[in-house]
Every structure is written in C-alpha cells, then in structure tokens.
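Down below is the structure, laid out as structure tokens.
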Amino acid sequence: MREESVKLKSMETKLTDQQTQIPESKTSTPATRPPLPPFTRETAIQKVRLPEDGWNSRDPEKVALAYTIDSRWRNRAEFPHGRTEIIQFLKRKWAKELDYRLIKELWAYDGNRIAVRFAYEWHDDSGHWYRSYGNENWEFKDDGLMALRFASINDLPILESDRKYHWPLGRRPDGHPGLSDLGL
C-alpha cells in the first residue's frame with residue numbers, strides 16, 4: 001500500500017496557472033475546462049485535484065462552473081439538475097457542514113470517465129465532528145465540463161481529537177498527505 005502511495009505521489013503533477021485559475025465571471029462559461037478527455041493517468045490525477053480545490057473553496061458559484069449547464073447529479077438522496085440547482089445544493093451543504101475540508105483520490109479512469117474516492121471532515125453547528133467517506137463516478141463532455149456526477153457517501157461521527165485534516169480553510173497544501181498516506 002505504501003509503495004502504491006509513493007507511485008501516486010510521483011505521478012502527481014504540478015497544476016499550471018491556467019488549470020488552477022477559476023474564471024472571474026460567474027455567469028460566463030469557459031470554452032474548455034482542461035484537462036480534457038480522453039484522460040491519461042496524469043491528466044486524470046490533475047482532473048481529480050481541480051474539483052478538490054474548488055470544493056475546498058466552498059464557493060458554490062465558482063464550483064458550479066466546472067459542470068455543464070444541464071449537469072445531472074445524485075448526491076446521497078438528492079438529485080440536483082443543472083447549475084442553478086447545484087448552486088442551491090452547495091449553499092445548503094456548506095451552511096450545514098462547517099469547517100469543511102476535503103481530499104479526493106483517483107480510483108480509476110477510462111476515456112471521458114473518472115472514478116474517485118474521497119473523505120472530508122466537518123462539524124455541525126453543535127460542534128459534533130464527522131468524517132464523510134464516499135465514492136464518485138464522473139462523466140465529462142469533450143470541453144472538460146462534468147455532465148454526470150454520482151456520489152455515494154457515509155458519515156462517521158468522530159471526536160475532534162480524531163481529525164486528520166488540519167490545514168487552514170481553503171486549498172489543501174501540496175505537501176499534505178493524501179487519503180492513502182493517511183490510511184483512509
């Protein structure tokens with residue numbers, strides 16, 4: 001397991017400025033959202049890190065720009081359809097899941113599809129901490145926007161002392177361990 005983790009780390013690449021910049025306009029759609037399918041191992045790893053960074057921003061309007069106008073989701077028992085519903089879903093999510101920090105890891109890829117496993121930590125307004133584990137299946141259009149997102153998620157109550165994600169809110173630092181490194 002440790003050897004595979006080292007291999008994954010060595011496969012990770014620095015994201016270019018173009019890949020990490022999020023367009024300023026919240027209403028316009030970029031022509032493409034690199035990296036584009038079909039994915040290689042390297043571009044799939046990049047494509048997984050970009051949504052992780054976006055979700056860690058907790059900015060629903062910016063996050064929604066990574067999805068097609070008519071993107072379809074299944075997230076637990078909710079089925080958002082289109083950017084407007086995605087934005088409303090994310091606003092509700094981050095109003096409930098406070099101090100949200102997320103790590104995603106590539107599981108598999110093929111053509112325009114990527115499978116991801118993830119874990120995130122958060123607390124509710126009563127101060128109860130949770131680690132939420134899950135898997136996502138993604139399908140992308142040729143322009144790199146995500147058209148389909150199917151997520152299965154389970155919540156595990158944890159003590160605050162059991163937290164593993166301690167970076168300042170926002171993007172996970174490059175040197176921070178990933179899921180495999182943390183034994184998750």
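In this text the structure is predicted, and so the values were computed from the model without any measurement. For reference, positions follow the sequence shown, starting with 1.
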Task: Reference residue Trp122; test ring-ring contact (aromatic ring centres under 6.0 Å, His included); the match among Tyr130, Tyr165, Tyr100 - done: Tyr130

- [ ] Please confirm whether Lys47 makes a cation-pi placement over Trp138, using NZ or CZ under 6.0 Å from the six-membered ring centre and within 45° of the ring normal.
- [x] no

Open item on the list: I need the minimum non-hydrogen distance between Gly178 and Ile103, along with the two atoms involved.
Closed with: CA-CG2, 4.2 Å

- [ ] For residues Arg83 and Leu65, report the shortest heavy-atom separation together with the two atoms involved.
- [x] NH2-O, 3.7 Å

Task: Smallest separation among heavy atoms of Ala64 and Ile87, with atom names - done: CB-CG1, 3.5 Å

Task: Atom of Leu169, atom of Asp99 and distance for their closest heavy-atom approach - done: CD1-OD1, 3.6 Å

Task: Output field: ring centroids Trp55/Tyr120 closer than 6.0 Å - done: no

- [ ] Identify the heavy atoms of Leu179 and Lys104 that sit nearest to each other, and give their distance.
- [x] CD1-C, 4.4 Å

Task: Donor-acceptor contact present, side-chain Arg58 to main-chain Asn56, <3.5 Å - done: yes

Task: Residue list, ring pair (Phe, Tyr, Trp, His ring centres under 6.0 Å) with Trp129, at least two apart or on another chain - done: His123

Task: Listed once per pair and sorted, the salt bridge (charged side-chain N to carboxylate O under 4.0 Å, His left out) pairs that draw on residues 122-132, sequence neighbours left out - done: Glu121-Arg131

Open item on the list: Using modelled atom types and a 3.5 Å cut-off, is there a donor and acceptor pairing between side-chain atoms of Glu139 and backbone atoms of Leu148?
Closed with: no

Open item on the list: Quick check against the 3.5 Å criterion: does Glu105 have a side-chain atom that pairs as donor or acceptor with the backbone of Ser180?
Closed with: yes

Open item on the list: Testing the basics here: between Ala147 and Thr68, what is the closest heavy-atom pair and its distance to 0.1 Å?
Closed with: CA-OG1, 3.6 Å

Task: Worked check of side-chain hydrogen bond (donor to acceptor under 3.5 Å, both in side chains) between Arg149 and Asn75 - done: CA-CA 8 Å; Arg149 176 185 171 270; Asn75 196 94; 2.8 Å; yes

